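No hydrogens, no waters, no symmetry mates; every other heavy atom, side chains included, goes into these values. Remember, it's a predicted structure, so these values are computed and weren't measured experimentally. In this chain, numbering begins with 1 at the start of the sequence shown.
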Amino acid sequence: MTKEEFDGKFKETLDAILLAMAENSEIDPQKFYSMTCVLENLSFFSPILYGAIKKKKEQ
């Protein structure tokens, strides 16, 4: 899997999580906002996560 493929799939997954949370009326809006911030920050780290996973597989 290339870095670009990983980045795309990772962001798709994060978007799916956000969509599922948005559609669930039991989730408190404040918690939803907090989780949205966490997931958005995670998306910025996808290149680092990809590098760590690739390095681990090579060892």
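Atom CG of L42 and atom OG1 of T13 lie 11.5 Å apart (nearest 0.5 Å). Once rounded to the nearest 0.5 Å, the distance linking CD1 of I53 with CZ of F6 reads 4.0 Å. One distance of note links OG1 of T36 with CD1 of I17; it measures 11.0 Å at 0.5 Å rounding.
Within the 4.5 Å cutoff, the side chain of M35 has no heavy atoms near those of the F32 side chain.
Between D7 and K3, no side-chain nitrogen of the basic residue sits less than 4.0 Å from a carboxylate oxygen of the acidic one, so the salt-bridge criterion is not met.
Listed for the Y50 side chain is no donor-acceptor partner under 3.5 Å among the backbone atoms of E5. Not a single donor-acceptor pair under 3.5 Å links the side chain of E23 to the backbone N or O of A20.
Not counting sequence neighbours, the partners of K9 by the side-chain contact (heavy atoms from CB on, under 4.5 Å) test are E12.
Around CZ of F45, the count of heavy atoms belonging to other residues, nucleotides or ligands within 6.0 Å does not exceed 12.
Summarising the geometry of L14 relative to L39, their closest heavy-atom pair is CD1-O, 3.4 Å, with the distance given to 0.1 Å. The shortest non-hydrogen separation linking F10 to S46 is CD2-CB, 3.5 Å.
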